[in-house]
Amino acid sequence: MTTGGRYRMVGMAVGVGTAFALTRTYLFDLAPIALVLATLLGSLASEAVTPRPGRGRGTASLVPRRVRDYAPRREVAVVALLGVGIMLFAGFPTPERPDHEVKYFGTAAPVSLTSTLITLGVTAALTVVIVWLIVRAPQAGADEADTAADNTWRHAAVRRTVYTCTTVFAIVFTTLAFWYADRQWDWRAGGSPAWGLALSLLAGLGLMIFGGYAGALVAARQPLPEGTSTGTASHIGADGVAG
């Protein structure tokens with residue numbers, strides 16, 4: 001496992017663990033925010049130590065670079081499907097809060113997925129912006145070797161960014177599916193075991209998606225072409241965007 005992979009693993013582990021703990025308290029609405037923040041910090045730390053082509057003087061590419069040529073289409077489709085699934089969950093009455101607020105205070109605030117939807121919307125928007133900045137960043141070097149190394153890094157960076165977004169959507173989808181399934185399994189309270197089984201299967205599918213992409217993020221290596229100098233990844237600012 002690379003050093004960057006360890007940072008990503010720690011970020012996701014802290015995010016998932018903290019989010020789960022928050023759902024058991026009256027800070028239920030902060031769970032998705034904690035998940036995304038921890039995952040984002042882990043990703044930023046990972047990118048900071050991930051080798052990339054040495055940045056000489058940036059040059060404009062003669063061939064226009066388009067986001068659709070770099071963004072992995074399958075993963076974009078997976079994120080879209082997960083987002084639709086989460087929106088469908090939000091359209092149904094939510095189960096009781098999975099915390100102890102009623103036990104401690106005798107009452108509980110109404111359950112809402114508003115903070116979850118807003119957080120995921122911001123996550124998707126940030127992903128689009130980051131991918132656009134990576135694709136449109138100035139090209140490093142001018143000869144063929146440098147161009148090839150720069151393009152390899154660019155593809156890998158975009159893929160890692162989209163994979164991170166996919167893992168966030170997948171774990172949220174999985175959590176919601178298990179939460180709704182738990183409510184449906186309680187047939188004495190008016191639930192439907194058939195729906196409980198179907199939702200449990202959906203939750204299992206979401207967990208497989210999360211595990212697959214999280215594992216790819218943690219274990220993946222992106223070697224640069226031989227003979228290419230590397231340096232510490234630098235931040236992409238607005239002034240470094242190629243026209």
Side-chain angles (χ1 to χ4, degrees), residues 4-5 7-9 11-16 18-20 29 31-47 50 65-92 113-137 153-181 198-220 222 236:
Y7 282 124
R8 289 184 184 276
M9 181 178 66
M12 285 187 288
V14 171
V16 173
T18 304
F20 177 77
D29 293 332
I33 300 175
L35 168 66
V36 170
L37 284 179
T39 303
L40 177 61
L41 289 175
S43 297
L44 290 175
S46 175
E47 292 300 324
T50 298
R65 293 188 296 267
R66 296 169 297 189
V67 171
R68 64 173 178 268
D69 295 330
Y70 288 83
R73 297 180 181 178
R74 182 178 64 180
E75 282 65 39
V76 171
V78 170
V79 171
L81 289 174
L82 291 171
V84 170
I86 292 169
M87 291 294 294
L88 289 176
F89 279 125
F92 287 91
L113 295 181
T114 301
S115 64
T116 299
L117 297 178
I118 292 176
T119 303
L120 292 180
V122 171
T123 300
L126 284 176
T127 299
V128 171
V129 171
I130 292 171
V131 167
W132 186 84
L133 288 174
I134 293 172
V135 172
R136 302 291 291 175
W153 169 82
R154 207 178 299 270
H155 274 284
V158 169
R159 186 170 295 274
R160 289 192 299 268
T161 302
V162 176
Y163 276 24
T164 300
C165 181
T166 307
T167 59
V168 170
F169 272 70
I171 194 61
V172 171
F173 176 85
T174 300
T175 302
L176 291 177
F178 274 130
W179 184 29
Y180 278 75
L199 290 170
S200 296
L201 293 175
L202 280 178
L205 177 61
L207 191 59
M208 290 175 59
I209 295 173
F210 169 76
Y213 285 105
L217 280 171
V218 171
Q222 297 292 342
I236 301 174

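What's counted below: heavy atoms across the whole structure, side chains too, no hydrogens, waters or symmetry copies.
Residue pairs satisfying the side-chain hydrogen bond (donor to acceptor under 3.5 Å, both in side chains) criterion with at least one member in residues 80-89, sequence neighbours excluded, are absent.
V135 and R154 get closest at one heavy-atom pair: O-NH1, 3.4 Å. Minimum interatomic distance between A71 and V76 (heavy atoms only, all atoms of both residues): CB-CG2, 4.3 Å. G206 and A170 get closest at one heavy-atom pair: O-CB, 3.9 Å. The minimum heavy-atom distance linking V168 with I171 is given by the pair O-CG2, 3.3 Å. For the pair V79 and C165, the tightest heavy-atom approach, listed with the atom from each and the gap, is CG1-SG, 4.2 Å. In terms of heavy-atom proximity, V162 sits nearest to V131 at CG2-CG2, 4.1 Å.
Residues T161 and E47 are not in side-chain contact: their nearest non-hydrogen atoms beyond the backbone lie 4.5 Å or more apart. Between W153 and I134 the shortest side-chain heavy-atom distance falls below 4.5 Å. L176 is listed as a side-chain neighbour of L113, based on a closest heavy-atom distance under 4.5 Å. Inter-residue side-chain proximity for V158 and P72 is flagged as met; some heavy-atom pair is nearer than 4.5 Å.
The structure places CG of L202 at 12.5 Å from CG of L207, a figure rounded to the nearest 0.5 Å. Rounding to the nearest 0.5 Å places OG1 of T166 at 10.0 Å from CZ of R159. Atom OG1 of T167 sits about 6.0 Å away from atom CG of L217, to the nearest 0.5 Å. In this structure, L40 CG and M12 CE are separated by 12.5 Å, a value rounded to the nearest 0.5 Å. Taking CZ of F173 as the start and CG of L205 as the end, the distance is 6.5 Å to the nearest 0.5 Å. The CZ atom of F210 sits 8.0 Å away from the OG1 atom of T174 when rounded to the nearest 0.5 Å.
In this structure T18 satisfies the side-chain contact (heavy atoms from CB on, under 4.5 Å) test together with V14, L22, A34, sequence neighbours excluded.
Aromatic ring orientation, Y213 versus Y163: perpendicular (interplanar angle above 60°, classes split at 30° and 60°).
If you look at F89 and Y180, their ring centroids are closer than 6.0 Å.
No hydrogens or angles considered: nothing links the side chains of S43 and R160 as a donor-acceptor pair under 3.5 Å.
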